[in-house]
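By convention in this document, chain letters (A, B, ...) are assigned in the order of the sequence lines, proteins followed by strands, and residues within each chain are numbered from 1.
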Amino acid sequence: MITAIEIDGAGGDPAAWRGSEVDPRAILTGELALRAVQRAEAAGIDLATFADALEAPDDVPDQVSVRLDALGLAARIAPVTQRIGLLPTITVTHTEPFHVQASVATLDHISGGRGGWIADVSSSAEAAAVIGRRPPAPAAETWREARYVVDVSRRLWDSWEDDAIIRDAATGRYVDREKLHYVDFESPSFSIKGPSIVPRPPQGYPITAVRVNSPEALEVDADLVFLPDSDDLPAQVNALQLVSVRVRPHDEGVERLVERIEGWAAAGVDGVHLRPASLELDVPVIADELLPLLRERGLVGPADRGGSLRGRLGLQRPGNRYAGSGR
Amino acid sequence: MTKQIHLAAHFPGVNNTTVWSDSAAGSQIEFTSFRKLAETAERGTFDFFFLAEGLRLREVKGRIHDLDVVGRPESLTVLSALAAVTTHLGLAATVNSTFNEPYELAKRLSTLDHLSGGRAAWNVVTSWDAFTGENFRRGGYLDKSDRYVRAQESLRIVRKLWDSWDADQLVLDQAAGVFAREGAGIFADEGDHFDIRGRFGLPPSPQGRPVIIQAGDSDQGREFAASSADVIFSRHGTFEAGQTFYKDVKSRLTKYGRTEESLKIMPAVTVVVADTDDEAIEKAAYIREQQVSGPTALVLAELLWGRDLSAYDPDGPLPAEDPVVGSSVTQGRVGYNDPFPIVAEWRAQAEAHGWSLRQTVINQQNRQTFVGSASTVADAINRHVQEDAADGFVLVPHLTPSGLDDFVDRVVPLLRDRGVFRSEYSGTTLRHHLGIQA
């Protein structure tokens with residue numbers, strides 16, 4: 001089973017920040033997230049996801065109403081972790097696809113092949129208003145556009161062949177421009193010429209994930225999907241399936257959770273996305289109790305696996321669609 | 001009063017200044033290169049580390065330019081990572097105000113400031129060309145004359161968002177259960193280029209406002225810097241030109257109610273240090289030859305002439321034709337507004353010295369700013385600062401990532417001995433290093 005953990009403020013419980021074990025300032029310095037991710041990594045969790053949205057969190061006085069940019073936070077954590085995958089949430093509805101793909105490629109470079117993203121949409125009026133470029137669109141329409149953004153991102157990741165940088169002092173050429181490619185991408189709402197500004201990421205394609213909170217999300221060609229915690233799983237998904245579940249093991253123990261995970265494994269689910277109620281209280285229990293039990297039952301691999309995130313998830317490094325095309 | 005010098009490190013970029021062909025040249029992409037140069041700058045107690053930006057690969061005659069470094073990682077993501085492995089060094093990101101929205105810029109830069117404990121800076125650049133626009137939703141939508149209008153409006157809104165929380169609105173009272181007061185961060189703004197409203201989800205960062213850097217040299221650019229920037233960097237040919245620029249920009253500050261100390265002038269410069277002045281001159285000439293190969297000389301001449309010069313031999317004489325203004329032979333880099341006097345000067349110098357085209361480019365275009373023994377360089381830098389040609393410099397090394405080793409090991413100790421440069425950081429934020437208020 002693949003194991004993933006969600007980083008969001010002080011945890012999924014809106015009151016988590018009030019616990020005496022929490023220094024609420026550490027939410028804003030990133031230290032709380034860093035501690036949780038390092039602990040998860042040491043326990044052998046495969047990847048961390050970072051919650052975000054374009055608009056600010058709800059303006060509710062007794063909740064964490066602030067949020068760091070998830071990409072920045074994941075990048076801050078990359079140099080001080082070694083094995084865990086890092087997937088910030090990045091929205092695609094009001095942002096520039098060219099910037100988005102360059103950022104994800106950069107995260108993959110700085111993490112040595114552990115980068116990815118949760119591609120998300122912004123359907124709310126609030127999100128549309130903070131940018132003011134276009135009116136809000138219904139979820140179905142934003143997800144349709146997200147498919148194009150994911151598609152062009154992979155094309156741009158291919159727009160540099162792996163061996164495009166040649167540093168040939170004899171001819172004075174830094175790159176072989178036959179190995180750089182215009183993507184000439186057209187979609188109903190945007191077009192991109194290319195090539196990317198960032199050389200091909202170490203993984204070829206960083207891991208693309210989606211949170212399946214509407215049926216249209218399943219139409220995105222993702223490597224990984226986070227499914228809601230319900231009895232009926234979608235029958236046909238051409239991606240690794242992780243069940244996303246709220247957990248509070250510091251309170252409820254881990255036995256029931258182990259049973260549920262065993263059940264999902266038996267049902268053919270590929271992994272579990274744990275959303276701890278409190279990072280400070282629950283991540284240590286996940287690390288010290290849950291993972292060892294799952295390991296005992298042969299459900300997860302050893303903690304110290306290195307290599308790329310793609311390799312860790314059992315996915316191949318993709319070839320390049322433009323290789324050898326000469327343009 | 002003796003002025004204190006400010007120094008910054010520019011990661012080698014995609015101009016021919018960067019010598020990628022040297023055996024000591026490392027990766028332009030791998031994080032270890034960024035980390036190593038940043039660590040060197042921090043060892044030298046520099047004010048900040050600077051990353052440029054790319055939005056479209058450059059083209060010459062319709063093909064991707066392949067003679068210089070091509071490609072780079074995205075700057076804010078790299079700097080967020082560097083925040084983890086440095087402790088005091090300022091982290092400056094170049095981000096275009098034409099192809100980014102103020103809300104996103106405010107959020108990403110504020111995040112970097114929070115994550116780094118107050119070390120973020122934004123180098124505000126503009127573009128307008130349809131060539132770059134082909135990679136973006138909006139395309140080449142902006143008229144050239146509107147680019148500073150949008151930049152100014154963008155910066156004003158970014159600041160508004162950074163200022164959108166009152167000091168007492170972040171409460172963090174765990175017992176009472178008040179994280180923040182309701183209504184914190186609410187904003188609305190309507191202008192020529194933007195019509196936005198909502199809530200900004202980050203409280204004031206350690207610096208309040210990240211540092212603003214600007215590089216414009218035109219009258220409009222200088223005015224923009226005088227009204228809105230904390231640091232201006234630009235390049236000037238001579239000491240006297242630097243003094244004139246310095247005086248001009250500083251004199252524009254009073255009308256914005258600002259003091260002279262509130263804007264630091266830090267031109268971008270190149271430095272060559274060796275044991276003796278003669279050795280440094282020799283080393284500088286060798287580096288210039290590395291920087292300007294025959295094909296590179298032709299490309300640089302094409303940028304100046306605005307013409308396809310591929311029929312010319314770089315080791316032969318200069319092109320006989322007159323230059324063309326506003327051509328598209330070279331795409332993705334700034335051309336010359338008035339190439340005629342420069343071409344005339346090149347011709348005069350080539351004739352006087354018997355130089356080929358390549359030799360002319362080497363001698364006219366790639367002269368390093370400070371060349372000499374450590375003591376010569378330290379004296380020259382200090383003179384520029386004490387005599388108001390600058391407040392400090394952004395150093396552009398020619399080698400990744402070791403290009404500042406000599407400067408930090410040899411020149412910095414002399415500047416410290418002379419009492420004009422810090423021996424250790426006395427504060428933690430970039431604003432503190434620069435001695436400027438938000």
Legend entry - Spacing of CZ belonging to A/F98 relative to CD belonging to B/E74, to within rounding of 0.5 Å: 11.0 Å
Legend entry - Atom pair CD1/OG of A/I197 and B/S75 - distance to nearest 0.5 Å: 11.0 Å
Legend entry - Which of A/P61, A/P24, A/P97 touches chain B most, by non-hydrogen pairs under 4.5 Å: A/P61
Legend entry - A/D69 (side chain) donor-acceptor with B/T111 (main chain) under 3.5 angstrom: no
Legend entry - salt bridge (Lys or Arg N to Asp or Glu O under 4.0 Å) between A/D52 and B/K107, worked out: CA-CA 12 Å; A/D52 203 355; B/K107 183 180 173 186; 2.9 Å; yes
Legend entry - Rounded distance (nearest 0.5 Å) linking atom CD1 of A/I165 with atom CG of B/D66: 12.5 Å
Legend entry - Choice from B/N100, B/L82, B/V171 maximising heavy atom contacts with chain A below 4.5 Å: B/N100
Legend entry - Nearest heavy-atom neighbours spanning B/Y103 and A/L54: OH-O, 2.6 Å
Inset, instruction - List the steps and the verdict of side chain to side chain contact (heavy atoms under 4.5 Å, CB included) for B/T18 and A/Y174. - result: CA-CA 11 Å; B/T18 307; A/Y174 178 80; over 6 Å; no
Legend entry - Salt-bridge present (B/R137, A/E145; N to O < 4.0 Å): yes
Legend entry - Audit row: B/E182, A/V60, side chain to side chain contact (heavy atoms under 4.5 Å, CB included) steps and yes/no: CA-CA 6 Å; B/E182 205 173 339; A/V60 180; over 6 Å; no
Inset, instruction - Could you tell me which portion of B/L172 (side chain, backbone, both or neither) has an atom closer than 4.5 angstrom to a non-hydrogen atom of chain A? - result: both
Inset, instruction - Please look at B/L161 and chain A and tell me whether the side chain, the backbone, both or neither of the residue comes under 4.5 angstrom of a heavy atom of that chain. - result: neither
Inset, instruction - For each of B/R72, B/E101, B/R138, tally heavy-atom pairs with chain A at distances under 4.5 Å, and name the one with the top tally. - result: B/R72
Legend entry - Top of B/P203, B/P102, B/S21 for chain A proximity - count of heavy-atom pairs under 4.5 angstrom: B/P203
Legend entry - side chain to side chain contact (heavy atoms under 4.5 Å, CB included) between B/L57 and A/L180, intermediate numbers included: CA-CA 10 Å; B/L57 302 186; A/L180 298 178; 4.1 Å; yes
Inset, instruction - May I ask you to name which of B/L112, B/T32, B/D22, B/L55 has the most heavy-atom pairs under 4.5 Å with chain A? - result: B/L55
Legend entry - Derivation and outcome, salt bridge (Lys or Arg N to Asp or Glu O under 4.0 Å), residues A/E178 and B/R63: CA-CA 10 Å; A/E178 301 298 322; B/R63 301 192 69 195; 3.0 Å; yes
Legend entry - Atom group of B/D68 that falls short of 4.5 Å from chain A, counting heavy atoms: backbone
Legend entry - CZ-CG distance between A/R18 and B/D173, expressed to the nearest 0.5 angstrom: 8.5 Å
Legend entry - chain A contacts, top residue of B/A175, B/A180, B/S110, B/G185 (heavy-atom pairs, under 4.5 Å): B/A180
Legend entry - Which portion of B/Q290 sits near chain A, non-hydrogen atoms under 4.5 angstrom: neither
Inset, instruction - Name the region of B/V85, side chain, backbone, both or neither, that has any atom closer than 4.5 Å to a heavy atom of chain A. - result: side chain
Inset, instruction - Would you confirm whether A/D59, through its side chain, and B/G183, through its main-chain N or O, come within 3.5 Å as a donor-acceptor pair? - result: yes
Legend entry - Which atom of B/V70 lies closest to which atom of A/W160, heavy atoms considered: O-CH2, 3.2 Å
Inset, instruction - State whether the side chain of B/E104 and the backbone N or O of A/T95 hold a donor-acceptor pair below 3.5 Å, judged by distance alone. - result: no
Legend entry - chain B interface, residue from A/L156, A/I166, A/D168, A/I77 that has the most non-hydrogen pairs under 4.5 Å: A/D168
Inset, instruction - Determine the minimum heavy-atom distance between B/R56 and A/Y182, stating which atoms define it. - result: NH2-CE2, 3.8 Å
Legend entry - Residue B/D189 versus chain A: region with a heavy atom under 4.5 Å: neither
Inset, instruction - Tell me, for B/A188 versus chain A, whether the close heavy atoms (under 4.5 Å) come from the side chain, the backbone, both or neither. - result: neither
Legend entry - Best-contacting candidate, A/I131, A/L34, A/T171, against chain B by heavy atom pairs under 4.5 angstrom: A/I131
Legend entry - Among the listed options A/D62, A/V22, A/L68, the residue most often paired with chain B at heavy-atom distances under 4.5 Å: A/L68
Inset, instruction - Heavy atoms only, distances under 4.5 angstrom: which of A/R76, A/R67, A/R25 has the most pairs with chain B? Name it, please. - result: A/R76
Legend entry - Interface moiety of A/A105 toward chain B, non-hydrogen atoms closer than 4.5 Å: neither
Legend entry - Side-chain (A/R177) to main-chain (B/I64) donor-acceptor, under 3.5 angstrom: yes
Legend entry - Closest non-hydrogen atom pair between B/F31 and A/I110, with its separation: CD1-CG2, 3.7 Å
Inset, instruction - Check step by step if side chain to side chain contact (heavy atoms under 4.5 Å, CB included) holds for B/R108 and A/L71. - result: CA-CA 9 Å; B/R108 296 193 70 193; A/L71 171 67; 3.3 Å; yes
Inset, instruction - Give a yes or no on whether B/E39 atom CD has more than 12 heavy-atom contacts from other residues, nucleotides or ligands under 6.0 Å away. - result: yes
Legend entry - Residue part contacting chain B, namely of A/A53, when any heavy atom lies under 4.5 Å: backbone
Inset, instruction - Name, in order of residue number, those residues of residues 291-298 of chain B that have a heavy atom at a distance of less than 4.5 Å from a heavy atom in chain A; otherwise write 'none'. - result: none
Legend entry - Residues in residues 193-202 of chain B that sit under 4.5 Å from chain A, counting heavy atoms only: B/D195, B/I196, B/R197, B/G198, B/R199, B/F200, B/G201, B/L202
Inset, instruction - Work out which heavy atom in B/L115 is nearest to a heavy atom in A/G72; give both atom names and the distance. - result: CD1-O, 3.4 Å
Inset, instruction - Examine whether an atom of B/E30 lies under 4.5 Å from a heavy atom of chain A, and if so say whether it belongs to the side chain, the backbone or both; otherwise answer neither. - result: neither
Inset, instruction - Report yes if some heavy atom in the side chain of B/Q28 is under 4.5 Å from a heavy atom in the side chain of A/R167; otherwise report no. - result: yes
Legend entry - Residue among A/V64, A/V80, A/L107, A/T29 with most heavy-atom pairs under 4.5 Å to chain B: A/V64
Inset, instruction - Give a yes or no on whether the ring-centroid distance for B/F136 and A/H99 is below 6.0 angstrom. - result: yes
Inset, instruction - Could you grab the distance from atom CG of B/L170 to atom OG of A/S65, nearest 0.5 Å is fine? - result: 8.0 Å
Legend entry - Contact summary for B/H114 and A/L28, nearest pair of heavy atoms: CB-O, 3.3 Å
